[in-house]
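Have a look at the structure below, then the notes.
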Amino acid sequence: MLKYLFLILPIIGFSQDAVRVEYEVRQEFDRNNLNQTSARLEEMLINSENKIYYYELIVNATNSNFTEIERINNEQKSTGITVGLSSNVSSNIYKEFNTKELYENSKMKPKLFIKDSIQTFTWVLSKEESTILGYKVKKATYTNPTQIVEAWYAPDLIFRDGPSRFNGLPGLILKIKFKLPFTNDMDTNVSFTAIDVKPYAGKIEIPNKSKKVTKEEYDKEIEKSMRKSEGMINQGVEKD
């Protein structure tokens with residue numbers, strides 16, 4: 001009996017000072033309202049639905065860092081054109097729980113993290129239960145004017161956080177499904193599912209040499225870069 005107990009302990013009994021969760025991310029396109037289609041478009045959508053993305057969430061009691069993992073999956077077929085995840089899924093989000101501040105990385109300016117507030121979600125808790133990676137998880141939903149978000153959280157993992165901007169449940173979110181706009185006539189359904197949970201002993205902080213900025217400061221930086229690019233293009237035209 002004892003040997004079975006020791007097999008269980010690593011799953012639910014490790015110190016919860018901090019954990020690292022790895023998520024497998026998939027998307028599925030809602031074609032119901034698509035005005036026009038073609039064989040080439042359908043092939044691109046299918047290729048994109050077959051593509052798997054990976055993200056990690058490192059979280060402790062005071063902060064968290066959510067980051068895309070650059071990984072080549074040899075099991076995935078890489079033939080054909082694909083489209084990436086919606087730009088609404090950030091590649092890097094850092095949260096500070098005590099100050100309720102959120103910093104989102106800019107893809108156009110990778111060293112800049114734009115300051116925002118941690119969003120409050122009005123979750124509705126359900127009695128429905130399941131299991132993910134050996135953890136008992138419970139279902140919760142959040143409804144807004146465009147969709148119903150479905151989340152599964154683990155009460156045994158005490159962190160009130162989850163992928164992307166999602167947070168606020170009485171346990172770590174191990175699975176979540178939500179909808180994002182993709183084009184004017186098509187949405188994409190995105191799912192994050194935990195595939196690994198382990199203790200984490202390192203620091204959780206914004207990467208070195210990164211800068212925290214407000215939205216206004218970020219917009220000024222983008223405007224400055226655009227003027228610089230236009231100037232270089234104009235100089236090239238004059239030389240010709």
Side-chain angles (χ1 to χ4, degrees), residues 18 20-21 23 25 27 48 51 53-71 81-122 142 144-147 149 159-168 173 176 178-190 192 202-240:
R20 175 191 178 273
V21 187
Y23 296 93
V25 186
Q27 63 180 337
S48 303
K51 184 174 175 61
Y53 300 84
Y54 298 93
Y55 280 76
E56 70 172 11
L57 174 67
I58 301 172
V59 57
N60 61 24
T62 59
N63 50 24
S64 71
N65 197 6
F66 171 74
T67 312
E68 184 175 4
I69 303 172
E70 297 294 341
R71 176 183 296 164
I81 301 173
T82 63
V83 292
L85 283 173
S86 167
S87 59
N88 289 320
V89 179
S90 175
S91 60
N92 195 184
I93 289 178
Y94 175 80
K95 301 187 188 102
E96 293 182 354
F97 303 131
N98 291 337
T99 60
K100 298 184 179 180
E101 293 175 346
L102 178 149
Y103 295 88
E104 185 170 6
N105 183 225
S106 161
K107 293 182 179 180
M108 293 183 66
K109 290 280 187 178
K111 292 184 179 180
L112 298 183
F113 278 74
I114 307 165
K115 182 179 178 180
D116 201 351
S117 298
I118 293 178
Q119 186 174 346
T120 299
F121 295 89
T122 52
Y142 161 73
N144 63 29
T146 62
Q147 65 175 311
V149 177
F159 308 101
R160 300 174 65 88
D161 200 25
S164 190
R165 290 173 170 260
F166 295 106
N167 70 93
I173 297 173
I176 193 162
F178 55 95
K179 182 172 65 176
L180 291 172
F182 188 76
T183 62
N184 290 334
D185 54 1
M186 184 168 56
D187 295 325
T188 178
N189 298 301
V190 180
F192 281 77
K203 292 183 178 180
I204 303 176
E205 56 189 5
I206 289 180
N208 290 335
K209 299 182 180 179
S210 297
K211 182 181 178 182
K212 298 178 181 179
V213 297
T214 63
K215 183 64 167 63
E216 292 74 19
E217 291 170 334
Y218 171 75
D219 290 340
K220 289 180 181 178
E221 288 288 337
I222 294 298
E223 186 179 349
K224 187 191 302 182
S225 297
M226 292 179 66
R227 286 200 304 266
K228 184 177 179 180
S229 298
E230 289 173 359
M232 293 175 66
I233 292 172
N234 291 335
Q235 287 179 3
V237 171
E238 290 173 1
K239 289 179 181 179
D240 294 339

Enter the distance from [X]:[atom1] to [Y]:[atom2] here, rounded to the nearest 0.5 Å.
X: Ile204; Y: Asn63; atom1: CD1; atom2: CG; answer: 5.0 Å
X: Thr67; Y: Leu57; atom1: OG1; atom2: CG; answer: 8.5 Å
X: Asn189; Y: Lys179; atom1: CG; atom2: NZ; answer: 7.0 Å

Quiz item: Can you list the steps and then say if Lys220 with Glu216 is a salt bridge (Lys or Arg N to Asp or Glu O under 4.0 Å)?
Solution: CA-CA 6 Å; Lys220 289 180 181 178; Glu216 292 74 19; over 6 Å; no
A side-chain contact here means heavy atoms from C-beta on lying under 4.5 Å apart; do [X] and [Y] qualify?
X: Tyr103; Y: Ile206; answer: yes
X: Tyr218; Y: Lys109; answer: yes
X: Ile93; Y: Asn105; answer: no
X: Ser117; Y: Leu102; answer: no
X: Ile114; Y: Thr214; answer: no
X: Phe66; Y: Pro163; answer: yes
X: Val59; Y: Phe97; answer: yes

Quiz prompt | Contacts of Phe121 that satisfy ring pair (Phe, Tyr, Trp, His ring centres under 6.0 Å) - sequence neighbours left out | solution = Trp123, Tyr142, Phe166
Practice problem: Identify, with sequence neighbours excluded, every residue that meets ring pair (Phe, Tyr, Trp, His ring centres under 6.0 Å) alongside Phe113. | Solution: none
Quiz item: Under 3.5 Å, side chain of Glu68 to main-chain N/O of Tyr55, donor-acceptor pair present?
Solution: no
Practice problem: Give a yes or no answer on whether the side chain of Asn167 reaches the backbone of Arg165 with a donor-acceptor pair at less than 3.5 Å. | Solution: yes
Residues two or more places apart in sequence or in another chain: which of them pass salt bridge (charged side-chain N to carboxylate O under 4.0 Å, His left out) with [X]?
X: Glu217; result: none
X: Lys215; result: Asp219
X: Glu56; result: Arg20

Quiz prompt | Which residues share a side chain to side chain contact (heavy atoms under 4.5 Å, CB included) with Lys211, sequence neighbours left out | solution = Leu112, Val213
Quiz item: Do the ring planes of Phe192 and Phe178 sit parallel (below 30°), tilted (30 to 60°) or perpendicular (above 60°)?
Solution: parallel
Quiz item: Salt-bridged, Lys115 to Glu104, with N to O below 4.0 Å?
Solution: no
Quiz item: Taking NZ, NE, NH1 and NH2 as the nitrogens, is one of them in Lys212 or Glu96 under 4.0 Å from a carboxylate oxygen of the other?
Solution: yes
Exercise. Would you check, one step at a time, whether the test side chain to side chain donor-acceptor pair (under 3.5 Å) holds for Ser64 with Asp161?
Key: CA-CA 8 Å; Ser64 71; Asp161 200 25; 2.7 Å; yes
Quiz item: Between Asn60 and Ala18, which heavy-atom pair has the shortest distance, and what is it?
Solution: CB-CB, 3.8 Å
